[in-house]
Amino acid sequence: MSDNSLAQTSASALTAQPHIAVVGAGAMGCYFGGLLLKAGHRVTFIDVNPEQIATINRQGLILETDAGRSEMPATAALAADVTAPADLVILFTKTMHTDDAMRSIQHLLKTDTVILSLQNGLGNADKIAQHHDLSRIAVGTTLVPADLHSPGHVVSHGPSSSRMMDANTQHPEWVDHLAALFNSAGLTSVLDPDIHSVIWSKVAFNAALNSICAVTGATPGRIAEVEDSVQLARSVVHETVLTGKAKGITLDEAHIWDNVEMAMREHPNHKPSMLQDIENGRATEIDSINGAIVMAATETGIDAPVNRTLCQLVKLKQHLAVSV
Ligand SMILES: NC(=O)C1=CN([C@@H]2O[C@H](COP(=O)(O)OP(=O)(O)OC[C@H]3O[C@@H](n4cnc5c(N)ncnc54)[C@H](OP(=O)(O)O)[C@@H]3O)[C@@H](O)[C@H]2O)C=CC1
Ligand SMILES: CC(C)(CO)C(=O)C(=O)O
């Protein structure tokens, strides 16, 4: 069967009561999976963290958003304990865990299973494509700010939306079904044919905010209080835009900066995921964000000194946090 006919014939898998496997039941997995569950979908949460799994099965999920607090029963398990094949996999592990996660769910994948990654960082589609057909992979970005208060308990405030498209940017019918599924659950999602530029723009945003917050412990609102810190964030964005351009990716620096300012204004107290990792003594996604920008710059013969320095500082911070 050709990729195209597969894409057409199996579009209905996402419309008729899909089985959705959320892989990585942390802040984002619980937020997205929780809203899909609340909308009546069949969702299984998969994680490696026994405490996360046990708590979700015992207390269910607790979502605190601008719409209020909701609590709902939910099912979580280790991948090996799940048997029902998945129509849709939403991958929300940290990027350094993608390979392990994909290996662990091989038995749940059918040829027409759609895998969506809204993970931060560069190279997500390539990593997933080591394990599943690229023509069934969707990628994108999300500005949802989600903080894990405790296992299964997520707090998210402020405006948020996601952008997505199939990784091949062919826009098969199943991508429309995917966006419709998300929008009907209140997960505002826009299809964007220029998704790879969108991903680079989000990486520029994360390279600026996440690493500075991870090194200093500041939230975005605190960065905005100090002009020198704002200038540092601006330099990261500028350097990332130059790197993207050298790689042939067109990026709109003013638009990226608007998003950074939006986060400082609208999500002043959200701890970026990298800061949450440092505070919890976990490894960070620095290699997929600032590190990936430095690597891309090196490949094109330019330098990215601000990103390199932040990368070095986050690695030290990470070492101190993990080894305490
Ligand atoms: N939080 C946010 O506001 C935002 C996050 N993102 C991105 O979303 C992604 C997820 O972030 P976030 O939800 O914050 O991360 P979390 O660390 O809160 O959650 C990730 C979960 O995945 C689990 N996990 C690790 N390895 C595996 C595996 N092999 N199989 C299944 N589960 C596994 C982790 O367990 P353990 O803790 O034991 O490792 C953890 O419970 C990241 O790429 C992040 O950059 C994007 C936008 C906003
Ligand atoms: C929520 C957001 C957009 C803010 O930094 C993010 O991407 C993160 O926390 O990793």
Side-chain angles (χ1 to χ4, degrees), residues 13-94 97 100-101 104-105 107-108 113-119 142-162 178 180-189 267 269-273 276-277 279-282:
L14 293 188
T15 54
Q17 296 209 304
H19 176 218
I20 302 170
V22 172
V23 181
M28 297 300 277
C30 289
Y31 178 85
F32 277 76
L35 287 186
L36 288 162
L37 198 57
K38 200 174 164 195
H41 292 290
R42 186 176 159 219
V43 182
T44 305
F45 294 85
I46 294 176
D47 207 281
V48 287
N49 185 326
E51 191 195 350
Q52 204 103 292
I53 293 172
T55 309
I56 291 173
N57 286 327
R58 191 179 60 251
Q59 69 159 36
L61 293 180
I62 302 171
L63 300 191
E64 279 183 57
T65 67
D66 293 336
R69 179 185 167 106
S70 26
E71 297 185 22
M72 64 207 88
T75 304
L78 294 170
D81 295 333
V82 180
T83 50
D87 298 301
L88 171 63
V89 170
I90 305 177
L91 192 56
F92 264 136
T93 65
K94 291 282 168 40
H97 298 137
D100 283 348
S104 75
I105 59 161
H107 62 293
L108 305 180
T113 300
V114 167
I115 301 184
L116 169 68
S117 161
L118 298 177
Q119 296 160 293
T142 180
L143 286 171
V144 167
D147 294 83
L148 199 63
H149 176 272
S150 55
H153 181 167
V154 192
V155 180
S156 177
H157 292 296
S160 59
S161 63
S162 306
L178 179 62
L181 182 78
F182 272 49
N183 282 310
S184 68
L187 292 160
T188 308
S189 302
H267 304 153
N269 303 320
H270 164 66
K271 292 182 176 170
S273 47
Q276 294 184 47
D277 285 336
E279 288 189 347
N280 290 311
R282 296 187 301 231

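Computation of the quantities below employed the complete heavy-atom set of this structure, encompassing side-chain atoms and omitting hydrogens, waters and symmetry-equivalent molecules.
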Does the side chain of [Y] come within less than 4.5 Å of [X]'s, by heavy atoms?
| X | Y | result |
| --- | --- | --- |
| Phe182 | Leu35 | no |
| Thr93 | Val23 | yes |
| Cys30 | Ile56 | yes |
| Ser273 | Lys94 | yes |
| Leu187 | Phe32 | yes |
| Ile90 | Met28 | no |
| Ile46 | Ile105 | yes |

Contacts of [X] that satisfy side chain to side chain contact (heavy atoms under 4.5 Å, CB included) - sequence neighbours left out:
| X | answer |
| --- | --- |
| Ala67 | Thr65 |
| Thr188 | Ser161, Asn183 |
| Asp47 | Ala25, Asn49, Gln52, Ile53 |

List the atom of [X], the atom of [Y], and the distance in Å for their closest heavy-atom pair.
| X | Y | answer |
| --- | --- | --- |
| Leu148 | Gly26 | CD1-C, 3.9 Å |
| Leu91 | Ala101 | CD1-CB, 4.2 Å |
| Leu37 | Ala74 | CD2-CB, 3.7 Å |
| Tyr31 | Ser160 | OH-OG, 4.2 Å |
| Gly33 | Val43 | O-CG2, 4.0 Å |
| Ala77 | Val82 | CB-CG2, 3.8 Å |

Give a yes or no on whether the backbone of [Y] and the side-chain of [X] come within a donor-acceptor separation of less than 3.5 Å.
| X | Y | answer |
| --- | --- | --- |
| His41 | Pro18 | no |
| Thr113 | Ala86 | yes |
| His267 | Ser156 | no |

Worksheet entry | Partner set under ring pair (Phe, Tyr, Trp, His ring centres under 6.0 Å) for His149, not counting sequence neighbours |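 Counting only residues at least two positions away or on another chain, His149 forms a ring pair (Phe, Tyr, Trp, His ring centres under 6.0 Å) with His153.
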
Discussion item. Test of understanding: with side-chain hydrogen bond (donor to acceptor under 3.5 Å, both in side chains), list the residues that count as partners of Asp100, not counting sequence neighbours.
Written reply: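 Asp100 satisfies side-chain hydrogen bond (donor to acceptor under 3.5 Å, both in side chains) with Arg103 once adjacent residues are dropped.
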
Nearest 0.5 Å, what's the [atom1]-[atom2] distance between [X] and [Y]?
| X | Y | atom1 | atom2 | value |
| --- | --- | --- | --- | --- |
| Arg42 | Thr75 | CZ | OG1 | 10.0 Å |
| Ser189 | Leu178 | OG | CG | 7.5 Å |
| Leu36 | Ile20 | CG | CD1 | 4.5 Å |
| Thr15 | Asp87 | OG1 | CG | 9.5 Å |
| Glu71 | Lys38 | CD | NZ | 11.5 Å |

Worksheet entry | Heavy atoms of other groups near Lys271 NZ, more than 12 under 6.0 Å |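 No, not enclosed.
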
Fill in: Which residues share a salt bridge (charged side-chain N to carboxylate O under 4.0 Å, His left out) with Glu51, sequence neighbours left out
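Here no residue qualifies.
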
Practice prompt. Establish, from distance only, whether the side-chain atoms of His157 and Asp66 form a donor-acceptor pair under 3.5 Å.
Written response: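 Judged by distance alone, the side chains do pair up.
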
